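Everything below concerns the one structure shown next.
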Amino acid sequence: MRKKTDKQTSYCLGKSIYPWSFALGFLPFLSYASDANTVDGAATEPEVVLPELIIQQSPRNDVESYSSFVMPVTLLRYDPQVDVQARGIAEAQSDISIRGGIFENTGFRIGAIQLFDPQTGHYFAEIPISPHMLSLPVVYTGTENAWRGFNATAGTIASQWANVAQSGANATVLFGSDDFNMEEIYGAWVKPFKSTDWGYDRIAVDADFARSEGDGSIAYADHDFARYNGRVQLSGEGVQTDIFAGYQSKFFSYPQLYAPSNTIETENLQTTLVFLNHRMEETEDAYLEMSGYYRRNKDDYEFDRFRPGIYNPYKHESQVWAAGLEGGRRFDAFDVNVSAQVLNDGLETTSLFYGPTLNRTYGKVAALAGRTFTFGNDWEVRPEAGIALDDSSYDDAAVSPIAKLLFVQNVGDEGQNQLYVSYDRSTQVPGYTALGGSMSSGLFRGNPDLDRQITDNFEISASLLRKNWNLQTTVFLREDNDLTDWTFNTGGGARNASLVDMRTLGWETIGTYRQEFFAATIGYIWMDKHEDYNDPAVNASFYAGNYAKQRVTASFVFYPVEGMEIHCDNEYRLQEENSLRNGTRDAFFTGLSVSYALPFLPELTLVAGVDNVWNEDFEEVPSVPGSKRTWFFGGSMQF
């Protein structure tokens with residue numbers, strides 16, 4: 001395990017250098033965009049600046065939630081690169097991990113900026129944005145995560161603001177097992193007008209209201225959710241501006257939600273988000289995107305539902321102000337991509353008093369340059385190199401190298417073959433729950449001496465990219481130094497923030513196929529970890545040691561007749577042994593749903609589904625009981 005002095009010698013520049021000051025230097029380089037010759041498609045990225053083809057993991061454009069209204073996390077449940085570890089239903093509380101990382105190693109990005117919660121990564125996925133307003137998510141790992149991510153060392157889940165296509169409305173009502181009911185209405189209005197000097201020729205407004213409630217598939221697993229959000233969008237040829245405001249409230253209860261103490265725990269969350277995003281593109285040569293947001297998350301956690309306030313009130317309110325940009329431009333011989341983010345947070349709390357600070361300013365700036373060399377008519381070789389600089393007002397700064405070598409073989413109209421090798425480093429700092437909890441008392445024991453985590457990632461990957469199918473296989477090695485994990489220690493009943501050095505070796509394969517009547521995505525991942533806690537008291541891990549040794553996902557969509565879709569999602573996992581887990585360490589989950597647009601009333605679509613078909617009771621998070629089988633039925637009406 002590295003000592004702090006080693007890090008200062010090897011990686012740190014000192015607090016006197018703040019990376020967001022360097023971001024100002026990129027603005028003249030990107031200033032072309034104000035008068036760019038633009039093209040349509042403001043929500044996509046130009047292939048010339050970012051030439052790699054990203055395999056779209058989802059085989060369909062809509063995903064149902066079986067127990068709530070659809071949230072951004074819903075679309076990740078069967079993604080082969082993403083492990084959603086749910087406490088109860090996924091939309092209540094889920095820890096999202098990528099390639100064996102933990103929940104705080106995973107970032108969520110909208111537009112050009114990362115959403116963030118300074119208290120704990122458990123709340124990263126509290127995003128009060130309707131999926132109607134977002135593109136399907138993609139997963140950034142390796143070098144993509146190193147230069148585009150922020151305070152996330154395993155990967156980043158990224159979405160763009162979707163273009164409002166047309167005026168209309170959609171209303172959905174669902175009913176299901178355990179007194180589940182859900183209502184949602186989404187509406188949009190689009191108005192063209194004469195093009196302006198900024199390139200705008202359309203204004204659109206869309207809004208969404210959703211609510212759901214249910215008793216849950218086991219006792220005391222009830223929930224009550226609501227979401228309100230709206231957006232104003234100005235768009236034109238190659239330009240799109242989105243102004244968004246959203247609010248989401250969530251109350252949910254679950255046995256042993258966070259603490260294995262045989263109590264019924266509850267969370268009451270209120271999340272507010274105000275977001276501004278602006279994107280411009282120049283024909284195949286350049287783009288610029290700028291984002292800013294304000295986020296407030298209020299949390300009232302109860303250790304015992306029937307004895308409110310016992311031990312501690314556990315009330316927190318975090319606030320985050322953030323701004324960022326991303327841009328790329330192609331020159332005659334090469335192209336350059338840059339990103340920069342600056343973020344300020346603050347936390348009001350009733351229980352986290354032991355940390356060195358509850359207010360920090362963070363910054364990151366990164367640049368990645370590449371050049372493509374052509375050999376004959378078929379082969380291209382593209383070396384890429386870059387650097388990222390992270391700093392904060394409390395933690396030491398860190399410099400991270402990024403390097404990649406990509407080989408591309410063009411196979412005519414059939415597609416491409418790709419091979420790359422890469423190395424990158426990324427860093428992150430711990431949240432306030434880890435820093436500010438007492439070391440000797442309480443349910444969640446922290447450590448004020450936790451330092452910046454350093455992660456080195458090595459990859460070799462090969463892809464076959466065709467018109468109707470893709471196949472990608474990747475071998476990766478990730479070395480985490482001073483990772484903050486939450487552990488159960490011998491002789492104690494609390495969760496402890498512990499340092500661990502961890503090496504993760506993995507093999508990941510993903511295949512997709514699509515034709516007129518059928519689509520499929522199949523994934524397999526194998527992982528092995530070696531950990532060193534350097535603490536003999538650590539008995540078991542809730543997060544870093546909770547990973548699938550092997551995981552298979554298979555998602556299918558069938559279109560047997562016009563207007564009908566059959567969705568079947570499957571996951572098999574063999575989990576690493578964990579003394580905190582009750583019951584089996586393997587599980588097989590299936591979700592099945594059918595939708596049908598009535599021929600005599602095509603505006604009405606009927607839908608029904610079953611989740612956890614085989615009624616598995618697997619503990620996705622050790623010591624947290626698994627959910628049982630659920631079902632739903634209902635309909636959706638287009639207006």
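Treat the numbers as computed from the prediction; the structure is a model and nothing was measured.
- With values rounded to the nearest 0.5 angstrom, I157 atom CD1 is found 7.5 Å from D79 atom CG.
- A donor and an acceptor atom, one from each side chain of T487 and S498, are located under 3.5 Å apart.
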Worked check of side-chain contact (heavy atoms from CB on, under 4.5 Å) between F444 and L352: CA-CA 10 Å; F444 312 103; L352 302 175; over 6 Å; no
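- A cation-pi arrangement, defined by a distance under 6.0 Å to the six-membered ring centre and an angle within 45 degrees of its axis, is present between R99 and F476.
- The two residues R452 and A398 come nearest to each other via the heavy atoms CD-CB, 3.7 Å.
- Taken from OH in Y258 to CZ in F542, the straight-line distance is 13.0 Å, to the nearest 0.5 Å.
- The closest donor-acceptor contact from the side chain of N612 to the backbone of S627 lies under 3.5 Å.
- A donor-acceptor distance shorter than 3.5 angstrom exists from the side chain of N359 to the backbone of D345, with no hydrogens or angles considered.
- In this structure, the side chain of T350 engages the main chain of Y314 through a donor-acceptor pair within 3.5 Å.
- Under the 3.5 Å distance criterion, the side-chain polar atoms of T74 are left unmatched by any main-chain donor or acceptor of S65.
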When you look at Y432 and T349, which way does the side-chain contact (heavy atoms from CB on, under 4.5 Å) test go after all the steps? CA-CA 10 Å; Y432 293 140; T349 175; over 6 Å; no
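- Rounding to the nearest 0.5 Å places NZ of K529 at 7.5 Å from OG of S541.
- Ring centers of F124 and F103: at least 6.0 Å apart, outside the cut-off.
- With T272 contributing its side chain and R296 its backbone, the two residues share no donor-acceptor pair below 3.5 Å.
- The shortest heavy-atom contact between A219 and P255 is O-CG, 3.7 Å.
- Atom CG of N229 and atom CZ of F209 lie 11.0 Å apart (nearest 0.5 Å).
- Between N297 and E126 the shortest side-chain heavy-atom distance falls below 4.5 Å.
- When only modelled atom types and interatomic distance are considered, Q453 and T153 share a side-chain donor-acceptor pair under 3.5 Å.
- Residues I113 and F275 form a side-chain contact, since some pair of their non-hydrogen atoms from C-beta on lies under 4.5 Å apart.
- Between Y294 and W321, the ring planes lie tilted relative to each other; the angle falls in the 30° to 60° range.
- In this structure, a donor-acceptor pair under 3.5 Å is absent between the side chains of Y123 and Q93.
- For CZ of F251, the number of neighbouring non-hydrogen atoms (other residues, nucleotides, ligands) closer than 6.0 Å is greater than 12.
- The shortest distance between side-chain heavy atoms of M527 and E576 does not fall below 4.5 Å.
- Between the side chain of K250 and the backbone N or O of T271, no donor-acceptor pair lies under 3.5 Å.
- Of the residues Y66, F180, F633, the one that meets the side-chain contact (heavy atoms from CB on, under 4.5 Å) test with L174 is F180.
- Across every non-hydrogen atom of I89 and S67, the tightest pair is CG2-CB, 3.4 Å.
- Atom-to-atom distance recorded for N457:CG and E479:CD is 10.0 Å, nearest 0.5 angstrom.
- Side chains of E213 and D222 form no contact here, defined as non-hydrogen atoms less than 4.5 Å apart.
- S212 and S68 form a side-chain donor-acceptor contact under 3.5 Å, judged by distance and modelled atom types alone.
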After noting the C-alpha distance and the side-chain angles of Y301 and E265, does the key distance pass the side-chain hydrogen bond (donor to acceptor under 3.5 Å, both in side chains) rule? CA-CA 8 Å; Y301 163 75; E265 304 170 45; 2.5 Å; yes
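- In this pair, H223 and F225 present their aromatic rings tilted. The plane angle is within the 30 to 60° band.
- Of the inter-residue distances, the one linking L269 atom CG with D299 atom CG reads 5.0 Å to the nearest 0.5 angstrom.
- In this structure, the side chain of E616 engages the main chain of F588 through a donor-acceptor pair within 3.5 Å.
- A salt bridge links R227 to D208: one of the charged nitrogens lies within less than 4.0 Å of a carboxylate oxygen.
- The closest side-chain heavy-atom distance from Q550 to Y524 is below 4.5 Å.
- No donor-acceptor pair under 3.5 Å is formed between the side chain of Y228 and the backbone N or O of A207.
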Please assess I127 against M71 for the test side-chain contact (heavy atoms from CB on, under 4.5 Å), listing each intermediate value before the final yes or no. CA-CA 8 Å; I127 303 173; M71 300 181 186; over 6 Å; no
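- Atom NZ of K315 has 12 or fewer neighbouring heavy atoms from other residues, nucleotides or ligands inside a 6.0 Å radius.
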Can D117 and V320 be said to form a side-chain contact (heavy atoms from CB on, under 4.5 Å), step by step? CA-CA 7 Å; D117 190 285; V320 175; over 6 Å; no
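- Between E508 and I510, the closest side-chain pair of non-hydrogen atoms falls below 4.5 Å.
- A donor atom on one side chain and an acceptor atom on the other are not found under 3.5 Å apart for Q270 and Y247.
- Across M502 and A544, no two heavy atoms sit closer than the pair CE-CB, 3.8 Å.
- Side-chain contact of S217 with D178: a donor-acceptor pair under 3.5 Å is absent, judged by distance alone.
- Side chains of T172 and N170: a donor-acceptor N/O pair is present below 3.5 angstrom, by distance only.
- Between D300 and P313, the closest heavy-atom pair is OD1-O, 3.8 Å.
- Comment: D83 engages R573 in a salt bridge, judged by a side-chain N to carboxylate O separation of less than 4.0 angstrom.
- Heavy atoms only, all atoms of each residue included: N145 and A152 are closest at ND2-O, 3.0 Å.
- Using modelled atom types and a 3.5 Å distance limit, the side chains of Y254 and R87 yield no donor-acceptor pair.
- Within the 3.5 Å criterion, the main-chain N or O of P622 finds no donor-acceptor partner in the side chain of N546.
- Salt bridge annotation for R503-D532: absent, with no cationic side-chain nitrogen under 4.0 angstrom from a carboxylate oxygen.
- Side-chain atoms of S253 and R305 form a donor-acceptor pair, as typed in the model, at a separation below 3.5 Å.
- A donor-acceptor pair is defined here as one N or O able to donate and one able to accept, closer than 3.5 Å; no such pair exists between the side chain of Q160 and the backbone of S135.
- Within the 4.5 Å cutoff, the side chain of H132 has heavy atoms near those of the E184 side chain.
- For the pair R148/T156, no side-chain contact is recorded, criterion being any heavy-atom separation below 4.5 Å from C-beta on.
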